[in-house]
Number of protein chains: 2
Amino acid sequence: MPETSATEEPANQKPTPDRILAAASALFQAQGVRAVSVDAIAGQAGVTKRTLYYHFRSKDDLIAAYLTARDEPNLAAFRRWADAAGSDPAARVTALFHGLSRAVRHPKWAGCGFLRTAVELNTLPGHPAVVAARRHKQAVEDWLTAGFSALPPEAARTLARQVCLLIDGGFSLVMLHRDPAYMDRAGEAAAALVRGSLPAQAGGQNRT
Amino acid sequence: MPETSATEEPANQKPTPDRILAAASALFQAQGVRAVSVDAIAGQAGVTKRTLYYHFRSKDDLIAAYLTARDEPNLAAFRRWADAAGSDPAARVTALFHGLSRAVRHPKWAGCGFLRTAVELNTLPGHPAVVAARRHKQAVEDWLTAGFSALPPEAARTLARQVCLLIDGGFSLVMLHRDPAYMDRAGEAAAALVRGSLPAQAGGQNRT
DNA sequence: GTCTATATCTAGATAGAC
DNA sequence: GTCTATCTAGATATAGAC
């Protein structure tokens with residue numbers, strides 16, 4: 001049969017480490033990091049365990065890589081949802097929770113990966129994955145704080161924390177009860193808190 | 001005074017099944033249900049594994065028993081904290097979160113057992129322990145709803161859910177960041193939401 | 001009812017060929 | 001870089017004596 005360049009990968013075939021990490025991420029997200037075995041990851045990626053361990057030092061490394069890789073895209077989605085609503089803080093928060101509500105309604109959604117992993121590794125507070133989870137949640141809180149810059153710094157910080165509490169309360173209770181409506185109630189509560197702290201912006205969609 | 005029957009246990013020695021369940025509960029609470037082995041439970045209880053399996057059919061049975069046993073006492077604590085504040089809903093919610101804030105500051109606190117266990121067993125939605133967790137959280141929500149009976153039923157239900165979202169958001173973020181202050185911010189948010197929905201009661205906090 | 005001892009399975013990680 | 005085959009440790013659960 002005709003020979004093509006043997007070193008070129010087909011366009012639809014990602015490099016092996018990427019395939020392994022993608023397989024691990026999908027399985028971790030669906031079943032949690034403790035329920036997924038290295039065998040299952042290798043199988044899903046179409047490689048053997050030996051190959052997996054050639055590219056990653058340990059399962060813990062894979063878990064950390066999984067969460068680290070999700071940090072930026074998650075934050076980008078948050079920003080995208082809020083930015084689409086303009087500049088009014090209450091409208092932005094409402095839009096953020098609309099996005100979250102759609103996300104948790106996705107049939108494959110099975111909890112916030114950061115929160116779940118932090119719970120599963122709770123006895124290892126220094127685990128790189130736990131550190132990554134903490135940093136991601138902190139980044140969300142900092143981003144929200146910046147969005148409340150019309151308030152004094154202390155008040156902006158408090159309000160951002162309260163919105164975070166409602167986000168993660170939503171993640172927790174949607175997962176526990178398997179009822180996405182909890183995220184909608186969280187969004188309404190968050191919007192009410194924002195409206196209670198910030199005067200509605202002049203212009204835009206505020207009412208007088 | 002005649003001697004008591006030799007079959008009576010000394011007062012400080014609880015029956016074996018109780019000792020096993022107590023040991024299991026302490027370990028599950030501290031480390032999570034998956035991280036604790038049956039060996040460790042038996043060791044902590046001062047019995048062998050064989051004795052443990054004589055009294056409990058499986059580890060899953062023990063997990064379910066652990067959460068089922070915590071349902072009532074947890075709810076009783078919530079009621080006690082709120083009742084101490086009288087009848088004003090906002091004051092009751094504030095007191096509830098003060099109690100929660102003290103609880104999560106306890107050096108041995110390591111997350112809400114119901115939430116943690118539900119996460120750890122997330123792939124088994126029908127597991128008796130997950131069902132018990134769901135029922136407990138529902139009971140809290142129903143109790144809160146009843147406390148907002150001054151509102152129309154639908155509004156009372158919504159407000160109760162929002163308070164629950166803040167409670168479990170607090171549990172999650174206190175655990176993740178290892179910072180109890182999150183529970184205080186949650187309490188302030190909950191009180192603000194209650195004050196926004198319910199007119200403050202006339203008279204002192206104990207008027208009925 | 002409680003013990004010692006063990007069965008059985010699955011996990012993460014490795015050896016060495018090619 | 002990828003494979004087949006295996007090691008070792010730990011898990012849940014059980015057998016059978018006393």
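To find a chain, count down the sequence lines: A is the first, B the second, and so on, and within it residues start at 1.
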Rounded distance (Å) that lies between atom P of dA15(C) and atom OH of Y54(A): 16 Å
NZ/NE/NH1/NH2 to OD/OE distance under 4.0 Å, D184(B) and R105(B): yes
B/S/- contact track for nucleotides 6-18 of chain D, protein heavy atom under 4.0 Å: -----SBBBBB--
Residues D71(B), R135(B): salt bridge by 4.0 Å N-O rule: no
Side-chain donor or acceptor of K108(A) paired with backbone N/O of Q29(A) under 3.5 Å: no
Residue-phosphate contact under 4.0 Å: T16(B) side-chain N/O, dT2(C) OP1/OP2: yes
Whole-Å gap separating P (dT4(D)) and CG (L52(A)): 15 Å
Strand contacts (DNA chain C) in residues 123-130 of chain B, 4.0 angstrom heavy-atom criterion: none
Parallel, tilted or perpendicular: ring planes of F28(B) versus Y66(B), cut at 30 and 60 degrees: tilted
Short side-chain to backbone donor-acceptor contact, Q162(A) and R185(B), under 3.5 Å: yes
Parallel, tilted or perpendicular, as decided by the 30° and 60° cut-offs, for the rings of H136(B) and F114(B): parallel
Parallel, tilted or perpendicular: rings of Y182(A) and H177(A) (30°, 60°): parallel
S172(B) side chain to D168(B) backbone, donor-acceptor under 3.5 Å: yes
